[in-house]
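It should be emphasised that the depicted structure is a prediction, and the values quoted were computed from it without experimental measurement. Every number for a ligand or one of its atoms is a count from 1 in the order of the listing.
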Amino acid sequence: MDRPDRGISRRAFVRSAVAIGGASALSACLQREPTEDVPQATHAPDALPDRQHAWNEFLEPDDHGNDLPPEHHLLLGLEYVGDGPADATDEREQLEAAFRTLEKAYKRGNEGLVFTMGYGPAYFDRFEADLAGVDLPKPTALTPFEAPQLDEYDALLHLASDYGHVTLSVEEAMKGDLEQLNGIDVDGTFDGIFEVAERRTGFIGSGLPADNQSDVIGVPDGDPVPEDAPMFMGFKSGFKGNQATEDRVTIQDGPFAGGTTLHLSKLQLNLHQWYDQDSRHQRVSKMFSPTHADDDLVEGAGHNLGDSSRVTEVSEDAAEVARKGTVGHAQKAARAREGGEPIILRRDFDSTDDDQAATHFLSLHRSIADFVKTREAMTGTDLAKSGSVGTLTNNGILQYLSVHNRANYLVPPRGLRSLPVPNPT
Ligand code: HEM
């Protein structure tokens, strides 16, 4: 029999099912992905760490000890439709039962599920009391050359798994459309509490961008994205040595200690010049640093770099190098380090939502100010004044990205993840 998805690889098929969502996409996905391989929880919910963002100890390491992110991602922008969270004991219990269902149904990790629930400034605005111990500003434009849409969702659920059907099943279960998840009865749902206002989807991992590059706005014809690249721009990102630790991004004091803050931007990619005109030497210079290009430090997607881009060891001073021509993205961003260590934990991934190549840039930090500081270092407006580095040109990868959305969230510790009040005791 002729199958409608004939010729499309399994992973590309699963990716489009995740992007479409809904019951029929889920059932199509279930025909393509083995469900018997998905493990139920190995820890009782109470034995899980207090940090929602404690994913790394459960993620598979790659050959070099980097934390390998799950391949499929689903972001649900949620609107609160309940009676009022100030006095919402029943709703809080219902939501907590929903999250515990997820924790029982799937082992935490790549082959099961990892997730975080965050709350935006719009959610906390409902309360009379101020948010205690955390600065959660409304999102704003962060560069002189962007005019992003500023998201105002009450909450953001980030779901990730190596199996597309896991993220889709969770979405269906939370909407109340599934009775069981991976053999576990669904105890609580979002019904009467949250409605899904927007879904964004994506993927990361060697081969996935190459599989999904055809007929996508922002990627030129000719399938230029290399087969082994985990991201559309062709390079590996998220080396262990270039990430903040989970400790570094965890809020230390106050009622939300154990939580973290999350910034989410949607960056649209335009890779025509990147692949059609820039040489490999230029791409490596712009992504890492000119030294990485001159000394041939990056092979292919950069898997040879092991667990560090070595950017602070090998690269020249960013301001110095900018005077000569091109400054690298990683080289600039590393200027935001504190005590020699990065201050943001990147958990970004690529997307073809609406047939547009994009990166959902999701990062975690102790404060939104840490993100803003890092983004300022990455933007490098100060460097644009020198040599042939312009505001956008030869200034890292700025020229290839446009910021479409921005949002800030607080990801509370697990104990406060269900409709938190702003000043818990
Ligand atoms: C399409 C968008 C982006 C791509 C493809 C990308 C890719 C990369 C790559 C390949 C590296 C070097 C490898 C590594 O250290 O993991 C890197 C480093 C880094 N990037 Fe990005 N990046 C993007 C956007 C951003 C944004 C928006 C920020 C936010 C401010 C950012 C912050 C960083 C930081 C902090 C580092 C590490 C610097 C250090 O070593 O201290 N990146 N990025």
**Report entry** Protein residue, atom and distance nearest to atom 37 (C) of ligand 1, heavy-atom basis
**Finding:** Arg346 NH2, 3.5 Å

Query raised in the report: Is Glu246 salt-bridged to Arg347, cutoff N-O under 4.0 Å?
Result: yes

Query raised in the report: Between His158 and Tyr409, is the gap from one ring center to the other below 6.0 Å?
Result: no

Query raised in the report: Between Asn394 and Val389, what is the shortest heavy-atom contact and its length?
Result: O-CG2, 3.9 Å

**Report entry** Atoms of ligand 1, numbered as shown, that sit under 4.0 Å from any heavy atom of Lys236
**Finding:** 10 (C), 13 (C)

Report task. Please work out whether any backbone atom (N, CA, C, O) or any side-chain heavy atom from C-beta onward of Ser237 is under 4.0 Å from ligand 1, and answer side chain, backbone, both or neither. Result -> both

Requested in this report: Give a yes/no verdict on whether any heavy atom in Phe288 is under 4.0 Å from an atom of ligand 1.
Outcome: yes

Query raised in the report: In the protein, what heavy atom is nearest to atom 31 (C) of ligand 1, and what distance, to one decimal place, separates them?
Result: Phe361 CZ, 3.5 Å

Report task. Give the residue and atom name of whichever protein heavy atom lies nearest to atom 15 (O) of ligand 1, and the separation in Å to one decimal. Result -> Asn242 CB, 3.0 Å

Query raised in the report: Counting each atom of ligand 1 from 1 as listed, which ones have a heavy atom of Gly238 under 4.0 Å away?
Result: 14 (C), 16 (O)

Report summary line: Numbered in order shown, the ligand 1 atoms found under 4.0 Å of a heavy atom of Phe239 are 13 (C), 14 (C), 16 (O)

Query - Pairing of Lys324 and Glu316 as salt bridge, 4.0 angstrom limit - result: yes

Report task. Return the orientation label for the Phe190 and Phe194 ring planes: parallel under 30°, perpendicular over 60°, tilted otherwise. Result -> perpendicular

Report task. Please could you name the atoms of ligand 1 that Val311 approaches to less than 4.0 Å, counting only its heavy atoms? Result -> 40 (O)

Query raised in the report: Identify the closest protein heavy atom to atom 41 (O) of ligand 1: which residue and atom is it, and at what distance?
Result: Arg337 NE, 2.7 Å

Query - Distance from atom 4 (C) of ligand 1 to nearest protein heavy atom, with residue and atom - result: Ile397 CD1, 3.8 Å

Query raised in the report: For ligand 1, which atoms sit closer than 4.0 Å to a heavy atom of Ala333?
Result: 33 (C), 34 (C), 35 (C), 36 (C)

Query raised in the report: Short list, please: which atoms of ligand 1 are under 4.0 Å from a heavy atom of Met287?
Result: 5 (C), 7 (C), 8 (C), 9 (C), 10 (C)

Report task. For ligand 1, note which part of Thr312 has a heavy atom under 4.0 Å away: side chain, backbone, both or neither. Result -> neither

Query raised in the report: Is it true that the side chains of Thr261 and Arg366 contain a donor and an acceptor less than 3.5 Å apart?
Result: no

Query raised in the report: Do you see a donor-acceptor pair shorter than 3.5 Å between the side chains of Asn395 and Lys332?
Result: yes

Report task. Decide, yes or no, whether a salt bridge links Glu146 with Arg406 under the criterion of side-chain N to carboxylate O below 4.0 Å. Result -> yes

Query raised in the report: So His263 and His365, would you call those rings parallel, tilted or perpendicular, with 30° and 60° as cut-offs?
Result: tilted

Query - Close-contact set for ligand 1 against Thr359 heavy atoms, below 4.0 Å - result: 1 (C)

Report summary line: re atom 22 (N) of ligand 1, the protein heavy-atom contact at minimum distance is His329 NE2, 2.9 Å

Query raised in the report: Going by distance alone, is a donor N or O of one side chain under 3.5 Å from an acceptor N or O of the other, for His53 and Thr250?
Result: yes

Query raised in the report: Among protein heavy atoms, which sits nearest to atom 27 (C) of ligand 1, and what does the distance come to when rounded to 0.1 Å?
Result: Met378 SD, 3.5 Å

Query raised in the report: What atoms of ligand 1 come within less than 4.0 Å of a heavy atom belonging to Thr374?
Result: 30 (C), 35 (C)

Query raised in the report: Does the side chain of Asp353 come under 3.5 Å of the side chain of His360 through a donor N or O and an acceptor N or O?
Result: yes

